[in-house]
Asks: 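One structure, as structure tokens, below. Some questions next.
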Amino acid sequence: MRKLVAIVALVLLLTGCTSTDVQKRLVVTAIGIGDGGITYQAFSPENEIEVYTIQCESLPEAEEELSLRTGKEIFLGDVELIIFSGAENFEPYLSYLWHSPDIYMGTPVAFSEDSPESLLETQSEELTGILTVAGEKVGLIDLYNDIYSAENSATLPLFSRGGEISGEILLKSYSECGIIALYYE
């Protein structure tokens with residue numbers, strides 16, 4: 001009987017299953033990356049939008065700071081939108097997002113004339129709806145494939161200051177120096 005209890009206990013320990021109480025998890029629905037730092041849109045347990053802006057230079061630092069600030073585990077599996085605004089080099093951010101096991105590669109990506117913080121006061125599903133209706137939806141995998149194609153460039157939909165699509169913006173990859181930046185003609 002002791003052997004059976006020991007085997008059952010061992011099997012339960014080796015399954016790797018862990019559970020996190022929903023109250024201990026911050027569910028992020030959108031990420032904004034700009035000159036003012038990293039902005040996260042998340043839902044509170046009361047199902048209200050919460051926007052957090054972290055002043056730092058990398059996504060891992062921002063996630064750690066957000067976790068410390070909220071006292072919750074950061075969950076990126078429900079990210080519905082990624083917005084860039086004014087950053088000088090997008091490569092480190094894109095690299096982190098591409099290699100994150102939690103972020104869906106079809107997650108829409110856009111650029112904003114305004115700070116991501118002000119745009120993310122609107123629910124991410126409304127913003128992705130605007131992208132879809134405008135026919136401007138570009139997924140993370142599309143951006144990746146375009147930026148590393150022979151042309152080394154990709155276009156992203158551009159949110160105007162009013163939160164509507166106002167055109168496109170061009171990103172170019174400069175592989176010789178590892179930079180992905182806005183391209184102005």
Side-chain angles (χ1 to χ4, degrees), residues 26-43 49-70 74-128 130-131 136-148 152-161 163-174 177-184:
L26 185 68
V27 178
V28 174
T29 56
I31 300 172
I33 299 163
D35 290 333
I38 314 289
T39 301
Y40 293 92
Q41 180 189 87
F43 278 110
I49 295 175
E50 295 180 351
V51 177
Y52 304 91
T53 299
I54 310 295
Q55 303 297 323
C56 64
E57 306 218 359
S58 74
L59 284 165
E61 277 181 66
E63 286 175 29
E64 185 176 330
E65 174 65 29
L66 182 59
S67 181
L68 289 171
R69 186 184 294 184
T70 62
I74 307 306
F75 179 68
L76 300 176
D78 285 337
V79 171
E80 299 172 337
L81 181 63
I82 300 165
I83 298 174
F84 288 98
S85 174
E88 288 184 19
N89 180 12
F90 298 96
E91 199 286 324
Y93 304 111
L94 290 174
S95 179
Y96 180 80
L97 294 167
W98 287 325
H99 293 96
S100 174
D102 294 333
I103 295 182
Y104 171 59
M105 287 294 109
T107 300
V109 182
F111 195 87
S112 175
E113 290 178 347
D114 211 354
S115 72
E117 186 175 21
S118 64
L119 192 59
L120 292 180
E121 296 291 334
T122 305
Q123 282 191 9
S124 57
E125 65 184 27
E126 288 179 36
L127 296 172
T128 55
I130 292 169
L131 291 171
E136 298 289 335
K137 200 166 166 184
V138 175
L140 192 57
I141 191 70
D142 302 320
L143 176 58
Y144 180 83
N145 288 335
D146 289 348
I147 207 78
Y148 289 110
N152 292 335
S153 65
T155 57
L156 289 179
L158 176 65
F159 276 104
S160 67
R161 294 193 188 279
E164 297 296 321
I165 300 298
S166 63
E168 295 178 333
I169 194 126
L170 183 65
L171 293 179
K172 275 192 92 59
S173 171
Y174 301 94
C177 55
I179 292 176
I180 299 173
L182 295 177
Y183 181 72
Y184 298 99

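Bear in mind that the values here come from a model prediction, so they are computed numbers and not experimental data.
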Asks: Before giving the answer on side-chain contact (heavy atoms from CB on, under 4.5 Å), spell out for Ile33 and Ile83 the whole-Å C-alpha distance, their side-chain angles and the decisive distance to 0.1 Å.
Replies: CA-CA 6 Å; Ile33 299 163; Ile83 298 174; over 6 Å; no
Asks: Kindly indicate whether the side chain of Thr39, heavy atoms from C-beta on, has any atom under 4.5 Å from the side chain of Leu119.
Replies: no
Asks: What is the distance from atom CG of Asp146 to atom OG1 of Thr155, rounded to the nearest 0.5 Å?
Replies: 7.0 Å
Asks: side-chain contact (heavy atoms from CB on, under 4.5 Å), that's the test. Do Val28 and Gln41 meet it? Break it down for me.
Replies: CA-CA 6 Å; Val28 174; Gln41 180 189 87; 6.0 Å; no
Asks: List the atom of Ser153, the atom of Leu170, and the distance in Å for their closest heavy-atom pair.
Replies: CB-CD1, 3.8 Å
Asks: Atom OG1 of Thr128 and atom NZ of Lys137: how far apart are they, to the nearest 0.5 Å?
Replies: 6.0 Å
Asks: After noting the C-alpha distance and the side-chain angles of Tyr96 and Glu63, does the key distance pass the side chain to side chain donor-acceptor pair (under 3.5 Å) rule?
Replies: CA-CA 12 Å; Tyr96 180 80; Glu63 286 175 29; 3.0 Å; yes
Asks: Counting heavy atoms not belonging to Tyr144, are there more than 12 under 6.0 Å from its OH?
Replies: no
Asks: Can you tell me how far apart OH (Tyr40) and CD (Glu65) are? Round to the nearest 0.5 Å.
Replies: 10.5 Å
Asks: Between atom CD1 of Ile147 and atom OG of Ser173, what is the distance when rounded to the nearest 0.5 Å?
Replies: 5.5 Å
Asks: Step by step, would you call Thr53 with Glu117 a side chain to side chain donor-acceptor pair (under 3.5 Å)?
Replies: CA-CA 7 Å; Thr53 299; Glu117 186 175 21; 3.1 Å; yes
Asks: At their closest point, which heavy atom of Leu120 faces which heavy atom of Gly32, and how far apart are they?
Replies: CD1-N, 3.8 Å
Asks: Show the nearest heavy-atom pair for residues Ile49 and Thr122, with the distance to one decimal.
Replies: CD1-C, 4.1 Å
Asks: Report the C-alpha separation of Ile38 and Tyr93 in whole Å, then their side-chain angles, then the decisive distance to 0.1 Å, and conclude whether the side-chain contact (heavy atoms from CB on, under 4.5 Å) test is met.
Replies: CA-CA 10 Å; Ile38 314 289; Tyr93 304 111; 3.8 Å; yes
Asks: As an exercise, state the distance from NE2 of His99 to CG of Leu97, rounded to the nearest 0.5 Å.
Replies: 11.0 Å
Asks: Rounded to the nearest 0.5 Å, what separation is found between the CD atom of Glu126 and the CG atom of Leu81?
Replies: 12.0 Å
Asks: Backbone N or O of Leu66 within a donor-acceptor pair of the Thr70 side chain at under 3.5 Å?
Replies: yes
Asks: For residues 104-112, please give each side-chain donor-acceptor pair under 3.5 Å, one per line with the distance, not counting sequence neighbours.
Replies:
{"residue": "Thr107", "atom": "OG1", "partner": "Tyr104", "partner atom": "O", "Å": "2.7"}
{"residue": "Ser112", "atom": "OG", "partner": "Asp114", "partner atom": "N", "Å": "3.1"}
{"residue": "Ser112", "atom": "OG", "partner": "Asp114", "partner atom": "O", "Å": "2.9"}

Asks: Suppose the criterion is salt bridge (Lys or Arg N to Asp or Glu O under 4.0 Å): which pairs have a residue in residues 93-110, not counting sequence neighbours?
Replies: none
Asks: Is it true that atom CD of Glu57 has more than 12 heavy atoms of other residues, nucleotides or ligands lying nearer than 6.0 Å?
Replies: no
Asks: Assess whether atom CD of Glu64 is packed by more than 12 heavy atoms of other residues, nucleotides or ligands within 6.0 Å.
Replies: no
Asks: Is it the case that the side chains of Ser85 and Ser115 hold a donor-acceptor pair, with the cut-off being a distance below 3.5 Å and no angle test?
Replies: no
Asks: Quick one about Glu80 and Thr29 (side-chain donor to acceptor, distance below 3.5 Å, no hydrogens or angles considered), yes or no?
Replies: no
Asks: For the residue pair Tyr148 and Trp98, is the inter-centroid distance of their aromatic rings smaller than 6.0 Å?
Replies: yes
Asks: How far apart are the C-alpha atoms of Val79 and Leu76, what are their side-chain angles, what is the distance that settles it, and do they pass the side-chain contact (heavy atoms from CB on, under 4.5 Å) test?
Replies: CA-CA 6 Å; Val79 171; Leu76 300 176; 4.1 Å; yes
Asks: Quick check: do Leu158 and Glu113 have side-chain heavy atoms less than 4.5 Å from each other?
Replies: yes
